[in-house]
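Below is one structure, written out as structure tokens, with a few remarks after it.
The figures here come from the full heavy-atom set of this structure, side chains too, leaving out hydrogens, waters and symmetry mates. One-based numbering, in listed order, for ligands and for the atoms of each.
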Amino acid sequence: MRKGILCAVAALAISSLLAMTGSVSLGQSGGQGAAPLTVIRAGTLIDGVSETPRKNQLIFVRGERIEKVADASAAIPSGTRVIDLSSTTVLPGLIDAHTHIFLWGEDPKKGGYDANILKAGIAVRAARATYAVRRALEQGFVALRDLETEGAGYGDIEIKQAIEEGTIPGPRIFGATRAISTTGGYNLEGYAPELEMPKGAQIVDGPVEARKAARQQLEHGADWIKVYMTHRSWVDKEGHLVSQPTLTVEELKAIVDETHGWGKKVACHAYNGIGLQRALDGGCDSIEHGLEITDTQVAQMQRQGTWYCPTLSPYYGDWEPADTPAGKRDRARAAVHEITFKKALQAHLKIVYGTDMGGIPWTEPIAQEFARMVSMGMAPMDAIQSATSRAAEMLDMKGEIGVVAAGAYAEVIAVAGDPLKVVGELEHVRFVMHNGAVFKNEIAR
Ligand SMILES: [Zn+2]
């Protein structure tokens, strides 16, 4: 653990240095015509949309945007800064569509989830979130859909503000603020009933309160609304995974109606059963986790164009002992999740890359989900697109991020090897350009 902390401090120091030397520029507009040209020489380009990579490409970057992408024979004006990534595979910056920058692991030895809320004040939590967003950018994740602050209020929108004003480095944030669940539908739990415990989500009962919570969160800047449609889960006598449903269809419909009116979308945490069905009937835009989705529900998702963010990684590690109720639950979750993921692949559901980072410590590689997806039958190119162009489309940023093409923001990363052969290469991102500024460069000089 000490070693981990030292590494973290070193990473912070390096990033601060980068920030001081002017590599971080996060302004969102203006001055395109006057900005100097930079050309990236890409050995192999995976552009985020095309099914096949292209060799020897030149990426012309002016200001925050990509001006054009051309073959290596294209003329480069004299005096242009050229970044030589000709020995690498170049890709669009990655997008993690399910994170929690304010969550700091759920290790029981460190107090589990509850310690995040009970033992850490808001300044510590903000410092941790600052660390998390920097880690994301260093690993080539240039956009995060951050699905709830876990009791840290509207902190995600404030971290986003700090990034956009250039105070701290970090990816684009699409924040969901507080999230919504019902009485009996979220932590903290298990304390004396006399105690009024803080909750990791905003608690509502009834469609009026549900709509009001959505309005409050949208008023304070939520880019998405996150709803918990299931909470506890366990294994019944027949060995089936059961999840406790939370909001009613009427409650969810009030939230979805309100949120869609603001031109925003609703992400629903739903494991299976009644809660998952209510999520679909209530019109959720994305299903989070979706451990066990029936064939009928898959068909409904196809009809409704529902996005599927499986977040496999957190369900395949840290299982409780096999002979305990929690251990049985953990194994049942993983078993059905794999079946569902394969079913979703076959049905061509719109799968987006999500990790649940925060539940997974931020010290771990964010790109670990790629190997998990590929091990369950997803083609590496499909997995890459789930974290680039497809995630961008879900975020209403199609053509803007998640693609290396003319007109897009210059969000460019590079890895040394071929991620189509070894998808784990994506855990070792060597070069990161964010909004046209080089944030990290371990390859070209
Ligand atoms: Zn989550």
Just do the ring-ring contact (aromatic ring centres under 6.0 Å, His included) check on Phe102 and Trp362 with the steps written out, would you?
-> CA-CA 10 Å; Phe102 277 90; Trp362 279 100; over 10 Å; no

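- The stretch residues 272-302 participates, sequence neighbours left out, in these ring pair (Phe, Tyr, Trp, His ring centres under 6.0 Å) pairs: His98-His289, His269-His289, Tyr271-His289, His289-Tyr315.
- Under the 3.5 Å distance criterion, the side-chain polar atoms of Arg390 are matched with a main-chain donor or acceptor of Ile351.
- If you look at Phe370 and Tyr353, their ring centroids are closer than 6.0 Å.
- A cation-pi arrangement is found for Arg172 relative to Tyr409, the charged atom lying closer than 6.0 Å to the ring centre and inside a 45° cone about the ring normal.
- Each protein N, O or S atom less than 2.8 Å from the Zn ion (ligand 1) was counted, giving 3.
- Checking Ser286 against Glu288 by side-chain atom types alone, a donor-acceptor pair falls below 3.5 Å.
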